[in-house]
Amino acid sequence: MGKRKERAKQLLKDKQFEQTEHYSKRYAATVISIASAVICILAVVGAILLKDYFSAENLDKLQAFVAEHWFVGALIFMAVCAIQVIIALIPGEAVEIAAGVIFGSWAGALVCLIGIMTGSVIVILLVRKFGRKFVESLYPREKIDSLPILNDPKKRNAVIALLFFIPGTPKDLITYIVGLTEVSIPMYILLTTVARIPSIIMSTFGGDAFGEGKILKAIIIFGATAIISGIGYLAYMVIQKKMNKKHNEEKADQ
């Protein structure tokens with residue numbers, strides 16, 4: 001039992017990865033642009049092939065198709081969730097609502113969690129391969145520098161869990177920035193999976209209600225989610241402002 005505990009501690013411990021010579025910003029931007037183009041083409045082709053399933057009149061057909069080919073449908077949707085995290089072309093909430101419509105509340109939440117975690121791990125590995133220039137090819141430097149607290153080993157894990165728990169925070173950006181730190185991937189998965197569950201379940205429950213034709217229930221859930229997300233975003237801005245102020249004061253004292 002003692003050996004298992006020790007192995008678990010080592011697995012969740014921050015990793016000291018080497019800062020090797022990274023690829024140029026132009027190269028990183030080219031890679032992500034090509035990948036985005038390929039994914040967009042595949043998405044368009046897929047939408048054309050399956051367009052009959054996605055009309056409002058044929059929602060029952062789509063649900064029946066997924067019920068008949070659940071495993072294949074789940075894998076496809078997990079891939080969609082992963083792509084959404086990597087490229088962030090569409091809001092994550094929209095994908096989660098769709099999962100609720102297609103798979104139901106609990107199964108939809110599970111599919112989303114697995115897909116999101118897969119995409120998040122890919123993001124972290126990409127960032128550690130291509131470096132900060134890769135992140136800067138996707139996000140402005142100001143946004144990256146606005147989260148200096150993630151580089152504080154003493155508070156980093158707690159802040160990551162808090163930011164992923166609060167609805168409305170830029171989770172995709174945070175994931176990319178986490179890749180620039182030494183946080184271990186198993187620890188990241190543990191922290192963010194638990195923290196994401198409430199917001200994902202709210203979205204899938206709303207989607208499930210919408211899919212079952214319970215429009216009023218869906219509107220109430222979506223309305224509550226929007227209000228909570230708005231409050232969460234304001235809380236995030238306050239936390240970010242305080243952390244940046246503290247960081248700047250500590251930097252000035254050095």
Side-chain angles (χ1 to χ4, degrees), residues 13-43 79-92 95 115-164 166 168-189 191-192 195-196 233 236-237 239-241 243-252 254:
K13 188 177 180 181
D14 289 352
K15 308 295 182 182
Q16 295 295 328
F17 59 90
E18 295 182 3
Q19 293 291 344
T20 57
E21 184 177 349
H22 294 301
Y23 296 95
S24 67
K25 183 176 180 179
R26 179 179 294 181
Y27 184 85
T30 302
V31 170
I32 199 67
S33 297
I34 293 173
S36 300
V38 170
I39 290 169
C40 287
I41 292 171
L42 291 175
V80 171
C81 292
I83 291 167
Q84 186 277 323
V85 173
I86 297 168
I87 302 179
L89 291 174
I90 54 178
V95 177
I116 288 170
M117 285 303 108
T118 301
S120 299
V121 171
I122 292 172
V123 164
I124 293 174
L125 293 176
L126 283 172
V127 172
R128 292 181 179 175
K129 175 69 175 177
F130 292 104
R132 184 182 173 99
K133 290 181 179 180
F134 175 69
V135 183
E136 289 182 358
S137 69
L138 301 171
Y139 296 99
R141 181 174 295 182
E142 295 75 22
K143 280 192 174 183
I144 298 171
D145 292 336
S146 69
L147 290 169
I149 189 63
L150 292 183
N151 294 315
D152 185 346
K154 295 180 180 179
K155 301 177 181 178
R156 183 173 55 218
N157 289 346
V159 173
I160 290 173
L162 177 63
L163 293 179
F164 275 87
I166 297 174
T169 58
K171 296 176 178 60
D172 296 332
L173 168 62
I174 297 168
T175 300
Y176 273 88
I177 294 178
V178 167
L180 297 173
T181 71
E182 294 82 11
V183 66
S184 73
I185 291 177
M187 174 59 80
Y188 169 83
I189 292 173
L191 291 172
T192 59
R196 282 180 188 271
Y233 184 75
Y236 163 72
M237 295 299 291
I239 293 171
Q240 184 185 47
K241 188 174 181 180
M243 293 300 183
N244 285 334
K245 183 179 179 182
K246 184 178 179 181
H247 177 73
N248 292 331
E249 289 175 353
E250 290 176 352
K251 195 173 180 181
Q254 292 178 354

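When reading the values below, keep in mind they use all heavy atoms of this one structure, side chains included, and skip hydrogens, waters and symmetry mates.
The nearest pair of heavy atoms linking Val178 to Thr181 is O-OG1, 2.7 Å. Shortest non-hydrogen contact noted between Leu191 and Ala161 is CD2-CB, 4.2 Å. Scanning both residues, Gly119 and Val85, for their nearest heavy atoms gives C-CG1, 3.9 Å. Nearest heavy atom pair, residue Cys81 against residue Val95, reads SG-CG1, 3.6 Å. The heavy-atom pair separating Glu182 from Arg128 by the smallest distance is C-NH2, 3.8 Å.
Taken to the nearest 0.5 Å, the CD1 atom of Ile189 stands 12.5 Å off from the CD1 atom of Ile116. Residue Lys171 holds its NZ atom at 13.0 Å from CD1 of Ile160, rounded to the nearest 0.5 Å.
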Would you sort out whether Phe164 and Ile174 count as a side chain to side chain contact (heavy atoms under 4.5 Å, CB included), showing the intermediate values?
CA-CA 9 Å; Phe164 275 87; Ile174 297 168; 3.5 Å; yes
Please lay out, stage by stage, how Phe130 and Leu125 fare under the test side chain to side chain contact (heavy atoms under 4.5 Å, CB included).
CA-CA 9 Å; Phe130 292 104; Leu125 293 176; over 6 Å; no
Start with the C-alpha gap between Gln84 and Asp172, add the side-chain angles, then the distance that decides, and say whether side chain to side chain contact (heavy atoms under 4.5 Å, CB included) holds.
CA-CA 9 Å; Gln84 186 277 323; Asp172 296 332; 3.5 Å; yes
Working for side chain to side chain contact (heavy atoms under 4.5 Å, CB included), residues Met117 and Thr192:
CA-CA 8 Å; Met117 285 303 108; Thr192 59; 3.4 Å; yes
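No side-chain donor-acceptor contact under 3.5 Å links Arg132 to the backbone of Val127.
With Tyr188 as reference, Thr175 is the one residue of Asn157, Val121, Thr175 to meet the side-chain contact (heavy atoms from CB on, under 4.5 Å) rule.
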